[in-house]
Amino acid sequence: MKIYLVSSTDSPEFTRLKCSFARSTVIALDAEWKPQRSSTSSFPIVTLLQVACRLGHDSDDVFLIDLTSIHLPSVWELLNDMFVSPDVLKLGFRFKQDLVYLSSTFTQGGCDGRFHEVKHYMDITGIYNHLQHKRFGRKAPKDIKSLAAICKELLDISLSKELQCSDWSHRPLTEEQKLYAATDAHCLLQIFDVFKSNLVEEITSQDPKHINVGLKDILNGSDFTSKIVTAKLCKAADVIRAMTQNGQNIANGMVSRKTTLNTMPMDENLLKIVRKYGERILLKESDLLPRISKKKTRRRTSLKNEKTDKHLVCSMDWQGPPPWDSSLGGDGCPKFLLDVMVEGLAKHLRCVGIDAAVPPSKKPDSRKLLDQALKEKRVLLTRDTKLLRHQDLAKHQIYRVKSLLKNEQLLEVIETFQLKISENQLMSRCTKCNGKFVQKPLTIEEAIEAAKGFQRIPNCLFNKNLEFWQCMNCHQLYWESFRLLFVDLGSLKCVVMSEQTRC
Ligand SMILES: [Zn+2]
């Protein structure tokens, strides 16, 4: 992989970028942005766009387009053409969000156009889940796997996440940042390689009539022949393009595509993949409206809600102190209440010893939820923006969790509330009910006694000299050799236990 930093449109790197766009039929995309929100928009500003172009085996170009220095209106068309080109498969990892931010960044940078669409897009998560299902019959997991986890599993590459939160608006970028940014996009190409053979095999076996028709027979021949056909098709496309450029009207606008890209068509295998799995990212106008301006519009139309909406704006970011703070008469022990939308996070918090309660009933009304938070001096964690509009909770008693993945949510909460996690806290709380463990570990005899008529201890544990803990609240027994799940949270590493132990 060769890395090029593209900082202006009159640089050799930019020429190389245009050339690579034209020669690639698979391009992987990623973006880095400054998380801090500027005052004019609630969307982060994208400072770097990474584009990895597949040029052939072992020769990939990765371009780091520096959006802080390049003239945005001059690159908009080139990028947009690539996004909508039917000749390029675009790979991404949850790229829709990047596209929203990118669009907002370009509009703010003086561009008239926005990015509305990505054609022939494939999300790595989607393909990963699909193949897991094929291979193991597993259903798509509820958690979305992180890119790092997918990379580790399929490529055995560890993506360092240390730089993810580094300042991406600072210039010059460090060498480490460049490599990190390039790898994040490039690994998508590598993951796709792993998938590609699988996918082609699958499509061919599923759909035999797809193959044995006329010209497609030839296309399915050796690589050599398909290359020839590709080359010929490319020539024909050039001719057509040349004609349109000369102002000739091709019948019924069939080839009305005007593009800055002089692309090559995909080979047949790739076309098959795209036909079956390609998606389209379409941004609606509402996607492109920053959240704050949406609120402003609402505020204008309905004066009645003015107060509540102001409250909502305030609540987007955490403003302390938390109710357990000693300045508010608290005991200093962090306590949370998790609504149903972040319920899974409760277990993660308990694993690191944090008091994380959930409401007693499955579907509590928001009134009850707020009451409980107030009464027990907890911070209510939610993803429900409607809850933030309630007047009853002071803004320091409710927090909207922004991350989607549980591990990231855990990290977000730990960082936001500056929770201190110590090693002896790790196995101190029942993941089932949030109760505390009895102080002293139980011996096997005590454990058997405690488990009578309640919980079965697998025989295989008896001669292993293990320590047992019991939850003081629900009496669930835990033992030392619990399947340990290692949760890597970047700077914080912690061990999470699971009740589902098998021998
Ligand atoms: Zn318990």
Side-chain angles (χ1 to χ4, degrees), residues 315 318-362 364 366 368-384 387-388 392-403 405-441 468-478 482 484-485 487 489 492-499:
S315 305
W318 169 252
Q319 288 161 17
W324 57 78
D325 195 85
S326 53
S327 66
L328 298 173
D331 59 3
C333 293
K335 285 183 278 295
F336 297 96
L337 177 66
L338 290 89
D339 87 340
V340 70
M341 294 177 92
V342 287
E343 214 178 40
L345 173 61
K347 209 171 201 174
H348 278 55
L349 283 166
R350 289 165 190 168
C351 283
V352 295
I354 302 292
D355 186 340
V358 293
S361 77
K362 273 277 168 215
S366 44
K368 279 191 180 143
L369 210 57
L370 300 169
D371 281 349
Q372 189 182 351
L374 269 176
K375 210 175 101 198
E376 297 173 9
K377 292 197 170 191
R378 295 177 182 274
V379 166
L380 178 60
L381 298 180
T382 182
R383 284 190 53 80
D384 184 355
L387 274 176
L388 296 171
D392 313 61
L393 278 190
K395 60 181 181 292
H396 68 276
Q397 277 182 299
I398 184 160
Y399 176 72
R400 185 175 171 272
V401 180
K402 295 172 187 74
S403 311
L405 303 174
K406 273 178 228 152
N407 282 356
E408 286 169 11
Q409 289 178 341
L410 176 60
L411 192 61
E412 180 187 333
V413 171
I414 289 173
E415 280 175 352
T416 304
F417 295 92
Q418 310 211 322
L419 306 177
K420 289 182 186 65
I421 311 293
S422 66
E423 208 175 318
N424 53 14
Q425 259 180 296
L426 285 184
M427 286 173 94
S428 65
R429 201 170 276 278
C430 178
T431 54
K432 236 171 103 179
C433 80
N434 196 36
K436 287 208 124 190
F437 288 166
V438 287
Q439 292 290 306
K440 202 170 85 34
F468 290 79
W469 283 272
Q470 189 169 32
C471 170
M472 289 195 282
N473 184 39
C474 75
H475 308 296
Q476 172 81 28
L477 282 168
Y478 290 83
F482 260 54
L484 296 175
L485 305 172
V487 182
L489 298 166
L492 176 96
K493 291 194 169 165
C494 69
V495 177
V496 172
M497 30 178 201
S498 139
E499 300 124 298

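It should be emphasised that the depicted structure is a prediction, and the values quoted were computed from it without experimental measurement.
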Has the side chain of Arg383 got a donor or acceptor atom that lies under 3.5 Å from a matching backbone atom of Met341? no
Looking only at heavy atoms, the pair that brings Arg429 and Ile354 closest together is CD-O, 3.3 Å
Can you confirm whether Val401 sits close enough to Thr416 that some side-chain heavy atom of one is under 4.5 Å from a side-chain heavy atom of the other? no
Run Leu345 and Val413 through side-chain contact (heavy atoms from CB on, under 4.5 Å) and show every step you take.
CA-CA 10 Å; Leu345 173 61; Val413 171; 4.0 Å; yes
Practice problem: Tell me, with the steps shown, if Leu370 and Leu380 meet side-chain contact (heavy atoms from CB on, under 4.5 Å). | Solution: CA-CA 8 Å; Leu370 300 169; Leu380 178 60; 3.9 Å; yes
Please assess Phe336 against Phe417 for the test ring-ring contact (aromatic ring centres under 6.0 Å, His included), listing each intermediate value before the final yes or no. CA-CA 11 Å; Phe336 297 96; Phe417 295 92; 5.1 Å; yes
### Message
Looking at Ala356, is its backbone amide N or carbonyl O close enough to the side chain of Asn434 to form a donor-acceptor pair, meaning the two atoms are under 3.5 Å apart?
### Response
yes
Heavy-atom closest pair (Leu369 atom, Pro359 atom, distance to 0.1 Å) is CD1-CG, 3.6 Å
Value for CG (Asp371) from CD (Glu376), rounded to nearest 0.5 Å, stands at 10.5 Å
Lys402 backbone acceptor or donor facing Glu412 side chain under 3.5 Å = yes
Distance col, row Asp384:CG vs Thr382:OG1, nearest 0.5 angstrom, shows 4.5 Å
Query raised in the report: With a 4.5 Å limit on heavy-atom distance, are the side chains of Ile414 and Leu410 in contact?
Result: yes
Problem set entry | Check: Ala373 main-chain N/O paired with Arg378 side-chain donor or acceptor under 3.5 Å | no
- Message: Ring-plane angle category for Trp469 and Phe437, please: parallel below 30°, perpendicular beyond 60°, tilted otherwise.
- Response: parallel
Between Cys430 and Cys433 the two heavy atoms that sit nearest each other are SG-N, 3.5 Å
When every non-hydrogen atom of Asn473 is compared with those of Gly435, the smallest separation belongs to CB-CA, 3.9 Å
* Under 3.5 Å, is there a donor-acceptor pair linking the side chains of Ser403 and Gln409? -> no
request  = Please answer whether the main-chain N or O of His475 pairs with a side-chain N or O of Gln470 as donor and acceptor at a distance below 3.5 Å.
outcome  = yes
request  = Evaluate the side-chain proximity of Pro360 to Gln372: yes if any heavy-atom separation is below 4.5 Å, no if none is.
outcome  = yes
Here the gap from Leu338 atom CG to Leu349 atom CG, rounded to the nearest 0.5 Å, amounts to 6.0 Å
CD (Glu343) and NZ (Lys406) are apart, to the nearest 0.5 Å, by 9.5 Å
For Ala346 and Val358 the tightest heavy-atom approach is CB-CG1, 3.9 Å
Output for pair (Arg350 CZ, Lys432 NZ), nearest 0.5 Å, gives 11.0 Å
Checklist line | Residues Asp325 and Ser327: side-chain donor-acceptor under 3.5 angstrom | finding: yes
In short, Leu328 meets Pro322 closest at the heavy-atom pair CD1-O, 3.4 Å
query: Does a side-chain heavy-atom distance below 4.5 Å link Trp324 with Cys333?
result: no
